[in-house]
There are 2 protein chains.
Amino acid sequence: MATRIDSANPVFSLETLKVACSTCGLRELCLPLGLSAAEIKRVDAIVRRRRKVRKTETLYHAGMTCRSLYAVRVGFLKTRDPESSGSCRIFGFHMAGELLGLDGIAGGVHTCEAIALEDSEVCEVTFEDLEVLGRELPALQKRFHQILSREIQRDHQIMRVLGCKTAEQRLAVFLLDLSERYESRGYSPASFHLRMSREEIGSYLGLQLETVSRLFSNFRKRGLIEVERRHLILTDRPALQRIANDSDLE
Amino acid sequence: MATRIDSANPVFSLETLKVACSTCGLRELCLPLGLSAAEIKRVDAIVRRRRKVRKTETLYHAGMTCRSLYAVRVGFLKTRDPESSGSCRIFGFHMAGELLGLDGIAGGVHTCEAIALEDSEVCEVTFEDLEVLGRELPALQKRFHQILSREIQRDHQIMRVLGCKTAEQRLAVFLLDLSERYESRGYSPASFHLRMSREEIGSYLGLQLETVSRLFSNFRKRGLIEVERRHLILTDRPALQRIANDSDLE
DNA sequence: CGACCTTTTGAACGTATTCAACCGATGTGG
DNA sequence: CCACATCGGTTGAATACGTTCAAAAGGTCG
């Protein structure tokens with residue numbers, strides 16, 4: 001029933017208004033962060049459409065022309081490298097308020113593909129509109145640059161993890177990162193549901209799914225977490241922090 | 001003698017004019033790519049200063065307030081993670097025409113440090129100036145976004161390498177990447193000088209220096225390269241390509 | 001219910017690391 | 001000028017970490 005709205009009707013509906021940036025709970029995480037109410041209204045106007053992506057469905061494929069970026073409104077998606085047949089094809093997991101498609105600006109083509117891990121909704125904004133409006137609203141321009149730069153920082157963090165952390169450290173970093181992101185969205189930082197499989201976690205962390213599974217068991221035995229399938233409780237976050245940080249000192 | 005010019009004299013000199021963007025050989029790689037002659041002149045005007053960084057000297061430290069980005073004019077620099085005492089602190093090697101400091105836009109603070117691997121010169125542009133001018137010159141704004149997006153793509157490439165390639169594949173990818181970058185700057189893609197130590201290569205690729213050294217020897221024995229200290233000749237690039245690409249198929 | 005997918009666990013294996021010795025080039029001071 | 005220290009690089013041997021292969025249990029869905 002929900003799909004009826006987004007697929008067919010391009011005019012404003014009550015439904016559309018309800019999810020305007022101005023009233024969106026994510027405006028403190030997403031593109032509008034730091035903008036005035038008036039400015040947010042202008043941003044609202046360039047959001048082309050709010051699109052639903054069902055679990056397992058693809059938001060965009062690699063190779064598709066890319067003229068827009070997408071902000072996750074609700075749900076959870078992954079981006080992955082299409083070519084590499086091997087592992088480590090997953091570049092990231094994306095929660096509400098995060099932006100997708102930043103890698104496509106350079107070439108006008110998506111270099112990875114985005115797939116929903118649960119029923120999700122995204123807001124689409126074209127680069128063109130964003131650039132035009134950015135010229136009028138310096139705060140928006142600045143915010144956009146911040147987001148791009150933030151993404152580079154994030155990638156550096158992942159490179160650090162992949163390049164010099166043990167399997168144990170990688171998983172600890174990963175769990176704490178999820179924890180923080182849930183917390184900043186108002187969810188419990190200690191208890192949450194994993195939207196991704198062991199294989200996907202492994203793919204993201206440069207590990208085999210068996211290794212991930214073993215580490216979950218190992219962390220459970222040491223009393224650091226409780227894990228039941230995909231439900232997770234971080235019972236000893238300070239200890240996880242210690243594991244994650246320990247460069248090499250014992 | 002060269003330092004006298006840049007350190008003391010803030011007014012335009014013949015020397016300064018000589019290195020203006022308009023006449024810079026790198027304008028087809030750097031920020032001005034795709035701009036008209038008139039637009040390049042405007043970019044010239046916001047280049048605050050052209051700064052020399054001697055070998056082993058630091059262009060910026062992590063934690064320093066960051067209000068500018070730097071374009072490499074001549075030379076070769078590395079950026080590295082300051083905190084991690086372990087390995088893999090090196091995020092990248094940067095050649096002429098490449099931009100440094102993109103990670104600092106978000107927080108206004110440098111998150112890594114840049115160190116010259118040979119005597120280098122960089123052009124400094126403040127984000128503020130770049131944003132202001134970007135509002136006037138859409139082509140510049142677009143170009144800047146392209147560069148940021150390109151950097152994200154680059155990071156993805158590194159994540160791919162670190163996450164799912166063998167040591168052998170990593171080195172092959174690394175050498176071919178250097179090769180391409182030299183070629184696009186008009187140098188030989190097959191014969192060049194390594195500016196970095198084995199340890200720095202390892203740090204970048206998530207390997208130990210011994211492993212890198214062994215791989216060089218191994219590649220030499222297989223007739224793929226000739227290597228004499230830091231001088232390198234890629235004698236069989238197609239073979240290196242095959243090694244780099246082979247996902248897992250034999 | 002049976003088919004399939006995800007997850008767990010075990011055992012053997014292999015790749016890259018670690019520790020160590022050594023070499024050559026460079027630089028310093030007696 | 002040579003002894004000596006230092007730094008970058010090479011190579012060997014033992015080790016360890018994570019992978020690979022394999023089997024089986026638990027969940028989910030037609």
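We name chains A, B, ... by the order of the sequence lines, and we start the count at 1 in each one. The structure presented is a predicted model; accordingly, all values stated were derived computationally and were not measured. Basis for what follows: all heavy atoms, side chains included, without hydrogens, waters or symmetry-related copies.
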Enquirer: Do A/Gln157 and A/Arg154 meet the criterion of a side-chain donor-acceptor pair at a distance under 3.5 Å?
Expert: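 A/Gln157 vs A/Arg154: no donor-acceptor pair found between side chains.
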Enquirer: Report for the helix from C/dC1-D/dG30 to C/dG30-D/dC1: angle between first-end and last-end helix axes, five pairs each, rounded to 10 degrees.
Expert: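 For the helix from C/dC1-D/dG30 to C/dG30-D/dC1, the axes at opposite ends meet at about 30°.
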Enquirer: What is the ring orientation for A/Tyr187 with A/Tyr182, classed by angle as parallel under 30°, tilted 30 to 60°, or perpendicular over 60°?
Expert: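 A/Tyr187 vs A/Tyr182 ring planes: perpendicular.
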Enquirer: Would you mind classifying the nucleic acid contact of A/Ser213 as base, sugar-phosphate or nothing, using non-hydrogen atoms under 4.0 angstrom?
Expert: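 If one applies the 4.0 Å heavy-atom cut-off, A/Ser213 turns out to touch a base.
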Enquirer: How does each nucleotide of nucleotides 15-30 of chain D score, in 5' to 3' order, for protein heavy atoms under 4.0 Å: base (B), sugar-phosphate only (S), or none (-)?
Expert: ---SBBB-----S---
Enquirer: Reading DNA chain C 5' to 3', which nucleotide is the first, and which the last, to come under 4.0 Å of any heavy atom in chain A?
Expert: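 On DNA chain C, the outermost contacted nucleotides are C/dT6 to C/dA11.
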Enquirer: Tell me, with the steps shown, if B/Glu57 and B/Arg51 meet salt bridge (charged side-chain N to carboxylate O under 4.0 Å, His left out).
Expert: CA-CA 12 Å; B/Glu57 280 180 3; B/Arg51 186 174 150 192; over 6 Å; no
Enquirer: Honestly, is A/Arg195 close enough over A/Phe93, meaning NZ or CZ under 6.0 Å from the six-membered ring centre and within 45° of the axis?
Expert: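 Verdict for A/Phe93: no cation-pi partner in A/Arg195.
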Enquirer: With sugar-phosphate meaning primed atoms plus P, OP1 and OP2, does A/Arg230 contact a base, only sugar-phosphate, or nothing at under 4.0 Å between heavy atoms?
Expert: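 Sugar-phosphate contact only - A/Arg230 comes under 4.0 Å of backbone atoms but never of a base.
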Enquirer: Please find the pair of heavy atoms, one from A/Thr235 and one from A/Gly223, that lie closest to each other, and give the distance.
Expert: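 For A/Thr235 and A/Gly223, the tightest heavy-atom pair comes out as OG1-O, 3.0 Å.
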Enquirer: I'd like to know if B/Arg54 and B/Asp119 make a salt bridge, using a cut-off of under 4.0 Å between side-chain N and carboxylate O.
Expert: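 So B/Arg54 pairs with B/Asp119 through a salt bridge.
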Enquirer: Of the non-hydrogen atoms in B/Thr111 and B/Pro82, which two are nearest, and what is the gap between them?
Expert: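 Nearest heavy atoms, B/Thr111 then B/Pro82: O-CD, 3.8 Å.
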Enquirer: Nearest-Å distance, CG (B/Leu171) to P (D/dT10)?
Expert: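 That distance rounds to 11 Å.
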Enquirer: Working to the nearest 0.5 Å, report the span between CZ of A/Arg150 and CD of A/Glu98.
Expert: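 Going from CZ on A/Arg150 over to CD on A/Glu98, the span is 9.0 Å.
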Enquirer: Does A/Glu113 pair with A/Arg89 as a salt bridge, N-O distance under 4.0 Å?
Expert: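 No salt bridge links A/Glu113 with A/Arg89.
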Enquirer: Answer yes or no: is there an ion pair linking B/Lys52 with B/Glu121, defined by an N-O contact shorter than 4.0 Å?
Expert: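 Yes, B/Lys52 and B/Glu121 are salt-bridged.
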Enquirer: Can you measure B/Glu199 atom CD to D/dC7 atom P for me and round it to whole angstrom units?
Expert: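 It works out to 12 Å between those atoms.
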